[in-house]
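In what follows, chains carry the letters A, B, and so on, assigned in the order in which the sequence lines appear, proteins first and then strands, with residues in each chain numbered from 1. Any value given below was found using the heavy atoms of this structure, including those in side chains, with hydrogens, waters and symmetry copies removed.
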Amino acid sequence: MIPVPTAQLHRRIIGWFDVQARDLPWRGPGRTPWAVMVSEFMLQQTPVVRVLPVYADWLDRWPAPADLAAAPAGDALRHWGRLGYPRRALRLHAAAGAIVEHHGGRVPRTAAELLTLPGVGTYTAAAVAAFAYGKRETVVDTNIRRVHARLLGGDALPAPTLTAAEMRRAADLLPDDDGESVKWNVAVMELGALICTARAPKCSQCPVLDACAWVAAGRPEPHYVPRGQAWAGTDRQVRGAMMGVLRDAVAPVIREVLVAEPVDLALGSPPGTVVSPLMKLHRLNASREQLERSLDGLVADGLASETPAGISLPS
DNA sequence: CATCCGTGGAA
DNA sequence: TTTCCAAGGAT
C-alpha cells in the first residue's frame, strides 16, 4: 500500500464526489436550514429512496418550522407514512415547536444549540450545522465510520458502537478550511453510501483504492458477527401494525379492536367474534398480553392518544 | 453501554 | 424464504 498524505485523500475523495455525487433535493442551492434538518431526521436509519417522496410532501406542506409547529402532532405522524420509526416524526414536530418557542422560528446555527432539540443527537447536530450553515463540524455517521474503518483502520467494519477514538480520528482528518470540511464530510458519506458499502463494496470504482488499509490487508473478515435485528413476534412489529391502523383510521378505534387476540379465520369465527384488524393486515400471532403492552407503549410514547371514544393519533 | 424503536428492498 | 441493514436517538 502506498502511504497517501491526508491532503491527497481530501483531493481525491472530494474530486470523486464532484463528479459522482447524487443530485439530492436537500443538497440543492435553494435548500433552507429547515429543509436540511427535515432530511436529516428522515434519513436516520432510512434509505434515501424511501425518504424522497415523503420529504417532498413534508416541505411542500410545512416549508418552515412554524408551519409544522402549528399542525397537530397527529398530522405529522400521518404524513410520515410508512417511513418507520414514527417517533422521529413526533420529535421533529416537537423540535419545530422548540425552534418557534426559543429560536425565533429559525433553525439554530450551532451544534450546541441544535443538541438541545428533541431528536437531535451528535450526528444530526453536526450534520445540520455543517450542511445547512457551512460550519466546520466533525460529522460521523455509519457511512463515514465504515470508510474510516477500512481506509485507515484496515478493518472490514467499524466497532458495534461509536468510540472516542473514532471521533478523534475523524476530527484529525477534517480539513482546516470551513468550506473544504463541509465537502469532505459529505463526500466521505457519499463514498460510503455508493462505493464503500457494507456488503459487496465496489472497490474497483474507489478513488482511494491504492491507499486502503483493508484492501492492503487482503480484505479480512469482520471481527464480530453483527447481530441481526429481530422482527417477527416483537413488540415493534405489533406497534407498527397498530400505527398502520391508526394512521388510516378516520375515527377513534375502540381499544378492544386493537387488543383482541387474533382469530384463525380459516377455522371460521363464531357470530359476534371480534376479528382483530391487526390479524387481517399482518397475520400477527400476538397474545392479548403483548397487544396490551404494545398499545400502552404507544400511548406512553405519545404516538397514540386514548379517550373514552377510543384510540387515535394524538392531536 | 446494551437495548429498544419501523420499514421494505435487495441479496 | 430468510437475512441483512439503511444519513441515529433516547434511556
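Residue A/D235 is in sugar-phosphate contact alone, with no base atom involved, counting any heavy-atom pair closer than 4.0 Å across all strands shown. When heavy atoms are screened at a 4.0 angstrom cut-off, A/I144 is found touching no nucleic acid atom at all. As judged by a 4.0 angstrom heavy-atom cut-off over every strand, A/W80 is placed among residues making no nucleic acid contact. Using a 4.0 Å heavy-atom cutoff across all strands shown, A/R27 reaches at least one base atom of the nucleic acid. Among the protein residues, A/V120 comes within range of the sugar-phosphate backbone only, with heavy atoms under 4.0 Å from sugar or phosphate atoms but none that close to a base. Here A/S39 lies out of heavy-atom contact (under 4.0 Å) with every strand. Using a 4.0 Å heavy-atom criterion, one finds that A/G84 contacts the bases of the nucleic acid, with or without backbone contacts as well. Within 4.0 Å (heavy atoms only), A/R82 reaches sugar-phosphate atoms of the nucleic acid but no base atom. Counting any heavy atom pair closer than 4.0 Å across all strands shown, A/A127 reaches no nucleic acid atom.
For C/dG9, neither phosphate oxygen OP1 nor OP2 lies less than 4.0 angstrom from any side-chain nitrogen or oxygen of A/R91. Residue A/T234 places no side-chain N or O under 4.0 Å from the OP1 or OP2 atom of B/dC5. Side-chain nitrogen and oxygen atoms of A/Q44 include none within less than 4.0 Å of the OP1 or OP2 phosphate oxygen of C/dG8.
The closest side-chain donor-acceptor pair between A/R236 and A/S294, if any, does not fall under 3.5 angstrom. Inspection of the A/Y123 and A/Q44 side chains reveals no N or O donor paired with an N or O acceptor under 3.5 Å. Looking at A/Q290 and A/S287, their side chains never bring a donor and an acceptor atom within 3.5 Å of each other.
Between the CZ atom of A/R22 and the C1' atom of C/dA6 there is a distance of 11 Å, rounded to whole Å. Atom CG in A/D301 sits roughly 11 Å away from atom C1' in C/dT11 (whole-Å rounding). In this structure, CZ of A/R236 is placed 15 Å from P of C/dC5, rounded to the nearest angstrom. What separates CG of A/L191 from P of C/dA7 is a distance of 12 Å, to the nearest Å. Separating the CD atom of A/E137 from the P atom of C/dA7 is a distance of 21 Å, rounded to the nearest angstrom. Atom CE in A/M42 sits roughly 17 Å away from atom C1' in C/dG9 (whole-Å rounding).
Aromatic ring orientation, A/W26 versus A/Y55: perpendicular (interplanar angle above 60°, classes split at 30° and 60°).
Using P as the reference atom, C/dT11 and B/dG6 are 14 Å apart when rounded to the nearest Å. B/dC5 and C/dA7 have their P atoms separated by 22 Å, with the value rounded to a whole Å.
Mapped onto DNA chain C by nearest heavy atom, A/L24 and A/L117 fall at different nucleotides, with A/L24 at the one closer to the 5' end. Judged by closest nucleotide on DNA chain B, A/T161 is the one of A/T161 and A/R239 placed further toward the 5' end.
Distances were taken from every side-chain heavy atom of A/A193 (C-beta onward) to each of C/dA6, C/dA7, C/dG9; the shortest belongs to C/dA7. Checked against C/dA7, B/dT7, C/dG9, the side chain of A/R247 finds its nearest nucleotide in B/dT7. With C/dA6, C/dA7, B/dC5 as the choices, the nucleotide that has an atom nearest any side-chain atom of A/Y123 turns out to be C/dA7. Ranking B/dT7, C/dG8, C/dA7 by closeness to the A/R50 side chain, first place goes to B/dT7. Across B/dC5, C/dA7, C/dC5, the shortest atom-to-atom separation from the side chain of A/L43 is found for C/dA7. For A/R199, whose side chain is taken as the heavy atoms from C-beta onward, the closest listed nucleotide among C/dA6, B/dT7, C/dC5 is C/dC5.
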Exercise for the section: Could you check A/N185 against A/E137 for side chain to side chain donor-acceptor pair (under 3.5 Å), going step by step and ending with a plain yes or no? Expected result: CA-CA 8 Å; A/N185 282 325; A/E137 297 284 343; over 6 Å; no
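Within 3.5 Å, no donor on the side chain of A/T142 pairs with an acceptor on the base of C/dG8, nor the reverse.
Using a 4.5 Å heavy-atom threshold, the side chains of A/W184 and A/L173 count as touching.
Each of A/M189, A/M167, A/E166 was checked for a side chain to side chain contact (heavy atoms under 4.5 Å, CB included) with A/V140, and the lone residue meeting it is A/M167.
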